[in-house]
Amino acid sequence: MIKAIKGTKDTLPVDMPAWKKIEKTVAEKMANFNYKEIRTPVFEETRLFSRGIGEATDIVSKEMYTFTDRSENSVTLRPEMTASVVRAFVEHNLGKIQNLNKLYYCAPMFRQERPQAGRLRQFHQFGAEALGSNDPSIDAEMIILAYDIIKSFGLKNIVVKINSLGVPSSREEYKNILKDYLSDKFEQLSAESKNRYETNILRLFDSKDKGDQEVMENAPLLIEHLDDESLEHFDKVKQILLAAQIPFEVDPKLVRGLDYYTNTTFEIISGSVGSQSALCGGGRYNLLIEQLGGKETPGIGFAAGIERILLACENEKSLEVPEEKIDLYVVRLDKELVNKAYEIGLFFRRNNLNVEVDYAQKSIKAQMREANRYNAKYTLLVGGEEFENGKIVLKNMENSEQEEFPVEQLEAILEKIK
RNA sequence: GUGGGUGUAGCUCAGUUGGUUAGAGCGUCUGGUUGUGGCCCAGAAGGCCGUGGGUUCAAAUCCCAUCACUCACCCCA
C-alpha cells in the first residue's frame, strides 16, 4: 500500500467543515482589517530563503526541502511565507503603488522536521504582512488581528506574549553584556546551550533544561538594554494593546529564531496542545526588505499554524461547526422509475439545491435511511399510486409532514424547499 | 539527529499465567408483512493479530530484527 509521505496528512471530507470554518473566518477578519489576499508559488529559488531567513537558522540549515530541478537550479519548497511575500512585494514594486501594503495569505508550508503533535512536514499557515509603516499602531494591529482571529475559534486557554528585540546595534551590544555575564558560568550550561552560546546566544533564555534556567534566572535582559527609540516604540505598542483590551504579557525571554526580526516580536501560546504550543508567532522586520533587494521599507507580520489551532480547538471542543445537510433526497418507490427519479433530481441540482439520489437500486427503507444519514431536509417520493395519478410526494424530514405536488410542477416544489 | 511508547475488524479498543473456530462497542449492509428515515430489535459481512525470523507439542501472547505510527528533545507555526 502506498501511503502519504511522513509528516503529511490527507484532509478527508469529514475534516473539511472545520477547515472551511477556519478559512472563512480568516478571510472575513482579514477583510475587516482591510488586508488583501496574496498567493505566491509554493517553491522559490533557494537563495530567497537562505538570504531572507538566515543561513544559520535551523529552518535553512537543516529543515528545507531543497532540490535541483532539471535545469540545475536549486529550488526550495517554502518553509514560511514572509520571504515570498517580500519577494513579490519587491518584484512587483508594490511599494510604489501605495505606501502601505497590507497583505494576508493562507497556504501550505514545508519543513523536513521529525513530526510530532502539532508539527507536520507539510502544514498550513495563515498570516498577514504589513509593508511600509513603522508606526506602533501597525505592530499592535498585527497582534490584535491575530488575537481576534484565534479568539473567534472559541479558544480560552491562550496567552499573548510580546517582547522587543530592538535594533541590531543595541542587540549586538547586549549580546556582549550577556556573554560577560556568562563568562564564569559557561561550564554550568547544558551541552546544547553551550552550542547555542555560539550560534544564537539569545535562545539560551528558552532552554527547557533546569540548570540552564537557573543560570539564566538572573541574566541581564535585552529589554533593559534597548535603545531609546525602540523602548518608546515598544511602550506605544503596549498602550494600544491595553486600549484594545488584549490580555498580553511582556516576556523578556521571548526570543524568536528567525534572523530577520527587529523590535516587536510576539507569540500566542495555547495550553491545549502538546509541547509545540505556539499557535502564532510574528514580529517586525525592518531590515528584511532591503536585504532582499528592495528599497528600505519597514515591515511586520505574523503566521499562525492551522493544524495547531485545530488541535487546540479539538482539545477544548471549542470550534462550532455547523452540521452538514443536503436539501433533498429523491426516493424512487418503483424500480422502473430510476431514470425519472434521476431526471427529477437533476432538475433540482440545476436549480441550485444540494441533492442526492439512489444509485444502487436500494429498497425504500434503505433509501430513507440514506437520506437520513445525509441529513436531508426533504425527501421526494417518486412512484406508486400518486405517480400514476401524476403526483409526487414531498416529505419534510424534520416534522415528517408530506405534501403532494403534480409531477410537472417541480417549480412549486423548488419554491417550497427554498 | 537522540530518546520513550504503541501496532488486533472501516474506527475506538478488550484479549487473563502461551492452550480449541480471535471478541466488544460504534460504523456498514440486510431484514423486522402490502409503499417511508431517526429510536428499538434480529441477522450478516468484515481480521495472514504491522512484517520477517526464532523458542515451543502449541504464539495475538515469549525473544530478536525490521517497518510504520506516535510522543518528547531539538526547533518552530
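Chain A is the first sequence line, chain B the second, and so forth, proteins listed ahead of strands; every chain is numbered from 1.
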* Identify whether NZ of Lys or CZ of Arg in A:Lys185 sits under 6.0 Å from the centre of the six-membered ring of A:Tyr181 and within 45° of that ring's axis. => yes

* Asked: Do the side-chain N or O atoms of A:Thr379 get closer than 4.0 angstrom to the phosphate oxygens (OP1, OP2) of B:G37?
  -> no

* **Out of B:C74, B:G37, B:A72, whichever nucleotide has its closest atom nearest the side chain of A:Glu192** => B:C74

* To do: Between B:C73, B:C75, B:G38, spot the one nearest the side chain of A:Asp58, thanks.
  => B:C75

* Could you please name the option among B:C71, B:C74, B:G35 that lies closest to any side-chain atom of A:Ala117? => B:C71

* Asked: Can you tell me how far C1' of B:C76 sits from NZ of A:Lys161, to the nearest Å?
  -> 14 Å

* Would you please classify the geometry between the A:Tyr260 ring and the A:Tyr285 ring as parallel, tilted or perpendicular, with 30° and 60° separating the classes? => perpendicular

* A:Arg369 side chain, from C-beta outward: closest of B:A72, B:U28, B:C40 -> B:C40

* Is a donor-acceptor contact shorter than 3.5 angstrom present between the side chain of A:Arg203 and the base of B:C75? -> no

* Asked: Is the NZ atom of A:Lys175 crowded by more than 12 outside heavy atoms at less than 6.0 Å?
  -> yes

* Using purine N1 to pyrimidine N3 plus N6-O4 or O6-N4 for Watson-Crick, or N1-O2 and O6-N3 for G-U wobble, each under 3.5 Å, what pairs with B:G52? -> B:C64

* Where the side chain of A:Gln116 is defined as all heavy atoms beyond and including C-beta, which of B:G37, B:C69, B:C71 is the nearest nucleotide? -> B:C71

* Gap in Å between the two P atoms, one belonging to B:C41 and one to B:G25, rounded -> 11 Å

* Quantified in whole Å, what is the P atom distance between nucleotide B:U30 and nucleotide B:G37? -> 13 Å

* To do: Scan A:Arg196 against the nucleic acid and name what it touches under 4.0 Å (heavy atoms): base, sugar-phosphate only, or nothing.
  => sugar-phosphate

* With a non-hydrogen cut-off below 4.0 angstrom, is A:Gly118 in contact with a base, only sugar-phosphate, or nothing? -> base

* Nucleotide B:A68, atom P - distance to CD1 of A:Ile5 in whole Å -> 13 Å

* To do: Choose from B:A72, B:C76, B:G37 the nucleotide whose nearest atom is closest to any side-chain atom of A:Gln276.
  => B:C76

* Asked: If the C1' atom of B:G50 is compared with that of B:G7, how far apart are they to the nearest Å?
  -> 6 Å

* To do: Quick one: label A:Ile150 by what it contacts on the DNA or RNA (base, sugar-phosphate, nothing), any heavy atom closer than 4.0 Å.
  => nothing

* What does A:Glu386 touch in the nucleic acid at a heavy-atom separation under 4.0 angstrom: a base, only the sugar-phosphate, or nothing? -> base

* **Single hit among A:Glu129, A:Glu141, A:Arg284 for side-chain contact (heavy atoms from CB on, under 4.5 Å) with A:Ile300** => A:Arg284

* To do: Indicate the ring-plane relationship of A:Phe110 and A:Tyr65, choosing parallel, tilted or perpendicular according to the 30° and 60° boundaries.
  => perpendicular

* Selection from B:C74, B:A72, B:G35 that lies nearest to any side-chain heavy atom of A:Ile364 -> B:G35

* Nearest-Å distance once atom C1' is located in both B:G46 and B:A9 -> 6 Å

* To do: Please evaluate the base of B:U36 for a donor-acceptor partner in the side chain of A:Gln402 within a cut-off of under 3.5 Å?
  => yes

* Presence of A:Lys365 side-chain N/O under 4.0 Å of B:G35 phosphate oxygens OP1/OP2 -> no

* To do: Indicate whether the side chain of A:Asn315 and that of A:Ser272 have a donor and an acceptor atom separated by less than 3.5 Å.
  => no

* Is there a donor N/O on one and an acceptor N/O on the other, under 3.5 Å, for the side chain of A:Ser400 and the base of B:G38? -> yes

* To do: Please measure how far the P atom in B:C40 lies from the corresponding atom in B:G27, and state the result in whole Å.
  => 9 Å

* To do: For A:Lys179, look at atom NZ and say whether over 12 heavy atoms of other residues, nucleotides or ligands are found less than 6.0 Å away.
  => yes

* Does any donor-acceptor pair link the side chain of A:Glu398 with the base of B:G37 at a separation under 3.5 Å? -> no

* Using whole Å, report how far NZ of A:Lys3 lies from P of B:G50. => 13 Å

* Could you tell me whether the phosphate oxygens of B:G3, OP1 or OP2, come under 4.0 Å of any side-chain nitrogen or oxygen in A:Arg114? => no

* Checking all strands, does A:Ala366 fall into the base, sugar-phosphate, or nothing category for heavy-atom contacts under 4.0 angstrom? -> sugar-phosphate

* Asked: NA contact type, A:Leu381, heavy-atom cut-off 4.0 Å: base, sugar-phosphate, or nothing?
  -> base

* To do: Look at the side chain of A:Arg119 and the base of B:C74, then say whether one donor and one acceptor between them are separated by less than 3.5 Å.
  => yes

* How far, in whole Å, is B:G53 from B:G15 if one measures between their P atoms? -> 28 Å

* **Euclidean distance, atom CG of residue A:Asn396 to atom C1' of B:G37 [Å, nearest integer]** => 12 Å

* Phosphate-side-chain proximity, A:Lys9 and B:U70, N/O vs OP1/OP2 below 4.0 Å -> yes

* Asked: Is there a donor-acceptor contact under 3.5 Å linking the side chains of A:Asn73 and A:Glu45?
  -> no

* Pick the C1' atom in B:C13 and in B:U21, then give their distance to the nearest Å. => 22 Å

* **Counter-base of B:C76, judged by Watson-Crick or G-U geometry with both distances under 3.5 Å** => none

* Answer with base, sugar-phosphate or nothing: what part of the nucleic acid does A:Glu63 contact at a heavy-atom distance below 4.0 Å? => sugar-phosphate

* Asked: Hey, does A:Lys395 reach any base, or is it just sugar-phosphate, or nothing, if we go heavy atoms under 4.0 Å?
  -> base

* Would you mind reading off the distance between A:Glu404 atom CD and B:G35 atom P, rounded to a whole angstrom? => 17 Å

* Name the nucleic acid region contacted by A:Arg373, choosing base, sugar-phosphate or nothing; use a 4.0 angstrom heavy-atom cut-off, strictly under. => sugar-phosphate

* **Mutual orientation of the aromatic rings belonging to A:Phe43 and A:Phe67 [parallel < 30°, tilted 30-60°, perpendicular > 60°]** => parallel

* Among the nucleotides B:A68, B:G37, B:C73, which one has an atom lying closest to any side-chain atom of A:Met368? -> B:G37

* On a whole-Å scale, what distance lies between the C1' atoms belonging to B:G18 and B:C49? -> 15 Å

* Asked: A:Met1 CE to B:G50 C1': how many Å, rounded?
  -> 10 Å

* Complement of B:C39, any strand, by Watson-Crick or G-U distances under 3.5 angstrom -> none

* Any strand is fair game: report the nucleotide pairing with B:C69 by Watson-Crick or G-U wobble, both distances under 3.5 Å, or none. => B:G5

